[in-house]
Number of protein chains: 2
Amino acid sequence: MRSRHRVPTLVDVAKDAGISPATVSRSLNNPDIVSKETLERVQTAVNRLGYTPHFGARYMAAKRSWTIGAIIPTMENAIFAKGIQAFQEQLHEHGYTLLVSSSSYDPEIEAEQVRALISRGADGILLIGYWRDEAVYDFLRRRNVPFLLAWAFTAGNALPAIGFDNRASMYQLCDQVLALGHRKFAVISGKVDGNDRAANRLKGITDRLKDAGIDPKTVPIIETAYDIDNGANAFEELMQAEDRPTVVMCGNDVLAVGAISRAQEMGLDVPRDVSITGFDGIELARIVTPKLATVRVPHAEMGRRAADELVRMVESGEAGQSQELRIEVSMDLSIGSVSTT
Amino acid sequence: MRSRHRVPTLVDVAKDAGISPATVSRSLNNPDIVSKETLERVQTAVNRLGYTPHFGARYMAAKRSWTIGAIIPTMENAIFAKGIQAFQEQLHEHGYTLLVSSSSYDPEIEAEQVRALISRGADGILLIGYWRDEAVYDFLRRRNVPFLLAWAFTAGNALPAIGFDNRASMYQLCDQVLALGHRKFAVISGKVDGNDRAANRLKGITDRLKDAGIDPKTVPIIETAYDIDNGANAFEELMQAEDRPTVVMCGNDVLAVGAISRAQEMGLDVPRDVSITGFDGIELARIVTPKLATVRVPHAEMGRRAADELVRMVESGEAGQSQELRIEVSMDLSIGSVSTT
DNA sequence: CGACTCACTGAAAGCGCTTTCATGCACGTG
DNA sequence: CACGTGCATGAAAGCGCTTTCAGTGAGTCG
């Protein structure tokens, strides 16, 4: 029952078209070197039989899978959605298929996924951020599988990355917040452990505060996983302090949106009673009320460029070239000024 | 340069362990039938060499890929994210890997993706909704690849599906809207063409209105792609009418959120000036102000159940069993009552 | 007009694994 | 002691494709 119809193979096509399997293979992969007439007969046979090449066999014989793997920390929220979508589309343009898996921000799972992707023959791999066990990098290098990092960029780091400088970006945002007169800060950061993006964003804030003569140790900082509810709870906790902050800077938009929504539930007006900032510039930030002040990351462009670069690496065998992308600080309605009287 | 290190194969492991390749294969796939001592030697050799099985070869020899494919209409917004995430996790439990691709709501692309997934040896395939070219179903059946539909359920339809009744759910929501006294409706629907979910949601509204003695032809309906901005624009257009609706029902949360945000920009109070409803119950609906009245779909459960069922189909070779999931209508703050004086 | 080139095609090896079949060996049994 | 039994292993075929190597015939050139 399960195999009533035999699945047609390349040999079946060859027989049907009255030519050799070799020529059928060429017709499919390298049509230029086959005569027009033969090409047509192959085409006809393929259609008649409903032939689809067997990926495993093809991959085994050609040692090319036309597959690119990507491991992102999460699919649950939209942080990576836009970028990965663009990455996928651009890969498709190059004739590659994308395999995505998510690690739930767990380094062990990530390492396992890397092995899984390689075992499935990924010709190249996209990873998020820099920080991971050196063993993972070793494994990739030993296998000679090109890899590229995204969503982060640190000048001087030798690993090929396409992204933006998380520290500098947050530094810049913090700059603007200071310019509005804020001096009483609080921070809701993502989990810093093993996450260079989160760590650098936090560092961007503390660095800027130091430069402004504010001791970061005096700033209340809550570290929590990226999740709307966590953002909300952290916000509430921060506002319990007797000396309330005038601004709460969040490690990403998801946390910030949680903060905004809890603020409303608490009857606080944003930004009159308290200002809130985010990071990422996902759609959420745009539609929340008030519109979120945030750092806009060019997700789609990052995805496209990463695809182009990774394909280039795979096909040329050359080392990857890093690219830094420009972010844009957008001071939207969720932040107000503070009189510095 | 690209191949300085030769990738270790099963034969290398066999040599290193001093046993035959056959036994190594057995140790890896069927440890029960191998002696404990041999197992250990294999384990040691695998670790020493850093061996990872070659997926293509394995798939070719065993004719099982341990891969499940899923084709969703879009990754851009969160409609499918939660469900697919759960689907993936549950598949992982069963030892399967998920391959996701998106069709951008284009039936041609979807058909192409089906072929691509099959060619990659997907042992089973998850598709969204019922409507697609019969040729796609034929192809799947001819190939004997089990498939399952999700995000929809129509009683009596023979195709195996795990989801909810889009028409009935929207009918139910509309019911509640009527109960609040609304009589002047407007609708922002998703593109109905080729999309049974969108079509049935719309039908749920018109059916209910008919039953209430309201001629659906008198109700302004705008059909547009699921996108926040489209929702916003459609809303504005609908509110331009001289006889404004008291409620705008939207085909999904994304459209509804767009509508809410435009309402605010237009200086309209939701729900005092106009009520707005959505569909899906994604996170967005919860955090928008005012909280969106919508139909909550149990995405995670749908994903998990779909995974269990599809794996069962693949492993048993039996036909798929449909399951209908319960939705929940939540009348949140974006809807108010209308005095029926 | 013989030697070459060129465009096209075929034969066959081999990619890394699983699985069938055969074999060896240590038992327990009549 | 001859035999069947069951466990653990090995040998070898073969999965469906690509690619190298070797033609073949037609056209071109000195």
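The shown structure was predicted, so the numbers you read here are calculated from the model rather than taken from an experiment. Throughout, a chain's letter reflects where its sequence line sits, starting with A, and its residues are numbered from 1.
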### Query
What is the distance from CZ of B:R41 to C1' of D:dT9, rounded to the nearest Å?
12 Å
### Query
Once each nucleotide of nucleotides 11-21 of chain D is scored for protein heavy atoms under 4.0 Å, what B/S/- sequence comes out, 5' to 3'?
B--BBBBBBB-
### Query
Atom CD of A:E40 and atom P of C:dT9: how far apart are they, to the nearest Å?
12 Å
#### Entry: side-chain N/O A:S35 vs C:dT9 OP1/OP2, d < 4.0 Å
yes
### Query
Starting at CD of A:E37 and ending at P of C:dA7, how long is that distance when rounded to a whole Å?
18 Å
### Query
Could you go step by step and tell me if B:F55 and B:W66 meet the ring-ring contact (aromatic ring centres under 6.0 Å, His included) rule?
CA-CA 10 Å; B:F55 167 78; B:W66 294 95; over 10 Å; no
### Query
Between B:H92, B:Q88, B:H94, which is the residue that forms a side chain to side chain contact (heavy atoms under 4.5 Å, CB included) with B:Q90?
B:H94
### Query
Charged N to carboxylate O under 4.0 angstrom, B:R141 versus B:E134?
yes
### Message
Can you confirm whether B:L127 sits close enough to B:E110 that some side-chain heavy atom of one is under 4.5 Å from a side-chain heavy atom of the other?
### Response
yes
#### Entry: Pair B:Y59 and A:Y59, ring centroids less than 6.0 Å apart
no
#### Entry: Lys/Arg N to Asp/Glu carboxylate O, B:R312 vs B:E309, below 4.0 Å
yes
### Query
Rounded to the Å, how far apart are A:N30 CG and C:dA7 P?
14 Å
